[in-house]
Amino acid sequence: MTNKHSEPTTRRAPSIAIAFRTFGRTLRHGYDNIGTLLVASIFWYVGAILILPLGVVTAGLHRVTRPMTEERAANWRSFYAEARADLWWSSALMATLILGVALLEGNIRFYAASPDTITQWIALPFRTLMLIWLGVMLFAFPLAVRQQDRRMRTTLRNAFLLVVANAPGVLLSLILLTLLMIGLVLLPPLFLILPGVAALWGQENVRMLLVASGDIPPDEVADRPRGAPPKDDLTTGGRRTG
C-alpha cells in the first residue's frame, strides 16, 4: 500500500479463503526460505535480548520476509539495511501497539474482576476491541514497510480499516496462526523461527488482502494462476532472483 492508496478500497476480499491460503503459503515459502528465516529470527531474538528498539528489529524482520511472499529471493542482509531510517517510525509504532494491548488488558481484568454481574459485561466490548487490536498488530508492520507514508496515524488507520473490512478472515487467520505457533513450539528446534513465521504470515495475509481488494496489482509471479509456468525472464528455476 502506497500513498496513492491511502486507505483500503470498498471492494470486499474473500478473507476466509485468504486466511487458509495464508496458512499454506506461509508453510511453503517458510520451507523454501528456512535458512534465511532462521538467521533473521535469530537476529530478532538477539535484538530483543540486547534491548535494542524492538520496532527496528521487527521492521527488519518484515523487510526480510516481504520478498518471500512475492517469490523473490530473500536476503538476511536486508535485516539491518534500513535500520537508521526505520528507527523512529518503527519504535513509535511498536510502543503504541504494546501500549494498546496493556490498556485493553487492564480494562478487561478490571471489569471482569468486579463482583457485579452487570459490570462484568462491560469487559465484553473490551475483549472485542482486543481481537481487533491483535489484527491491527498483525497487519501494522506489513503495511508500514509497503507504504511511502509511514506516519503512525496512517499505518494504524489502514490496518484498522483492513481488519474491520475483513473481520471473519482476520479472526480465522489469528486462530490458524496461533495453532501454527503452538505446533512450532512443540517441534524443537523449529521454535527458533517463531518471529520469522509471524512476520511472514502477516506479510502473506496483508499482500493477498490488498491484491483482492484492488489496492495493489496482482504479482505476475506470486499471483499467477495455479499450474501456470513462471515467466522465464523473471525467474530462475521457478523463483525470482531479484
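Numbers here simply count residues along the sequence, with the first being 1.
Here the straight-line distance linking atom CG of L138 with atom CH2 of W133 works out to 13.5 Å at 0.5 Å rounding. The line from OG1 of T22 to CG of L177 is 10.0 Å long, rounded to the nearest 0.5 Å. In this structure, the separation between OG1 on T58 and CG on L93 is 9.0 Å, given to the nearest 0.5 Å. Taken from CG in L38 to CG in N33, the straight-line distance is 12.0 Å, to the nearest 0.5 Å. The CE atom of M208 sits 10.5 Å away from the CD1 atom of I216 when rounded to the nearest 0.5 Å. Rounding to the nearest 0.5 Å gives a distance of 13.0 Å between OG1 of T36 and CZ of F79.
In plain terms, the two heavy atoms of G135 and L174 that are nearest each other are N-CD1, 4.1 Å. Nearest approach of A59 to V145, heavy atoms of both residues: O-CG1, 4.3 Å. Between W44 and L54, the shortest heavy-atom distance links the atoms CZ2-CD1, 3.6 Å. Scanning all heavy atoms of the two residues, the minimum distance from I122 to F126 falls at O-CD1, 3.3 Å. Residues A212 and I18 approach most closely at CB-CD1, 3.8 Å, considering heavy atoms. Across all non-hydrogen atoms, the minimal contact from V57 to Y80 is CG1-OH, 4.4 Å.
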Next on the checklist: With salt bridge (Lys or Arg N to Asp or Glu O under 4.0 Å) as the criterion, how do R207 and D223 come out once you've worked through the C-alpha distance, each side chain's angles and the decisive distance to 0.1 Å?
Outcome noted: CA-CA 10 Å; R207 196 193 69 79; D223 298 311; 2.8 Å; yes
Checklist entry - How far apart are the C-alpha atoms of M68 and L37, what are their side-chain angles, what is the distance that settles it, and do they pass the side chain to side chain contact (heavy atoms under 4.5 Å, CB included) test? => result CA-CA 10 Å; M68 299 177 188; L37 208 59; 3.9 Å; yes
Checklist entry - For N166 and I16, what are the C-alpha separation, side-chain angles and deciding distance, and is it a side chain to side chain contact (heavy atoms under 4.5 Å, CB included)? => result CA-CA 8 Å; N166 302 281; I16 291 180; over 6 Å; no
Checklist entry - Should T154 and R157 be marked as a side chain to side chain contact (heavy atoms under 4.5 Å, CB included) after you check the CA-CA gap, both sets of side-chain angles, and the distance that decides it? => result CA-CA 5 Å; T154 302; R157 179 193 61 189; 3.9 Å; yes
Checklist entry - Should Y31 and I34 be marked as a side chain to side chain contact (heavy atoms under 4.5 Å, CB included) after you check the CA-CA gap, both sets of side-chain angles, and the distance that decides it? => result CA-CA 5 Å; Y31 178 79; I34 188 68; 5.7 Å; no
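Counting heavy atoms from C-beta on, the side chains of W121 and L124 come closer than 4.5 Å. For the pair I182/T178, a side-chain contact is recorded, criterion being any heavy-atom separation below 4.5 Å from C-beta on. With a 4.5 Å cut-off on side-chain heavy atoms, L156 and T96 count as touching. At least one side-chain heavy atom of R146 sits less than 4.5 Å from a side-chain heavy atom of L210. Proximity of L87 to P53: side-chain heavy atoms (C-beta onward) are separated by under 4.5 Å at one or more points.
A chain of hydrophobic side-chain contacts below 4.5 Å, direct or via other Ile, Leu, Val, Met, Phe, Trp or Tyr residues, connects M181 to Y45. When the side chains of ILVMFWY residues are joined at heavy-atom separations under 4.5 Å, either directly or via intervening members, V164 and L209 end up in a single hydrophobic cluster. Under the 4.5 Å side-chain heavy-atom criterion for grouping Ile, Leu, Val, Met, Phe, Trp and Tyr, M94 is not connected to V56 through any hydrophobic cluster. Residues L131 and M137 fall into different hydrophobic clusters, defined by Ile, Leu, Val, Met, Phe, Trp and Tyr side chains chained together at heavy-atom separations under 4.5 Å. Residues L171 and L176 fall into different hydrophobic clusters, defined by Ile, Leu, Val, Met, Phe, Trp and Tyr side chains chained together at heavy-atom separations under 4.5 Å.
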Distance-only check: which donor-acceptor pairs under 3.5 Å involve side-chain atoms of residues 193-205, not counting sequence neighbours?
unit_1: W201; atom_1: NE1; unit_2: S173; atom_2: OG; d: 2.6
unit_1: Q203; atom_1: NE2; unit_2: H62; atom_2: ND1; d: 3.1
unit_1: E204; atom_1: OE1; unit_2: R25; atom_2: NE; d: 3.1
unit_1: E204; atom_1: OE2; unit_2: H29; atom_2: ND1; d: 2.5
unit_1: N205; atom_1: OD1; unit_2: S173; atom_2: OG; d: 2.6

In residues 97-113, what donor-acceptor pairs under 3.5 Å come from side-chain atoms, sequence neighbours left out?
unit_1: E105; atom_1: OE2; unit_2: R109; atom_2: NE; d: 2.9
unit_1: N107; atom_1: ND2; unit_2: L103; atom_2: O; d: 2.8

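Partners of F139 according to the ring pair (Phe, Tyr, Trp, His ring centres under 6.0 Å) rule, which considers only residues two or more places apart in sequence or in another chain, do not exist here.
A donor-acceptor contact under 3.5 angstrom links the side chains of S213 and D215, judged on distance only. Between the side chains of T155 and Q147, at least one donor N or O sits under 3.5 Å from an acceptor N or O.
The pair R63-E82 meets the salt-bridge criterion, since a charged nitrogen lies less than 4.0 angstrom from a carboxylate oxygen. Salt bridge R66/E70: present, at least one basic N to carboxylate O contact under 4.0 Å.
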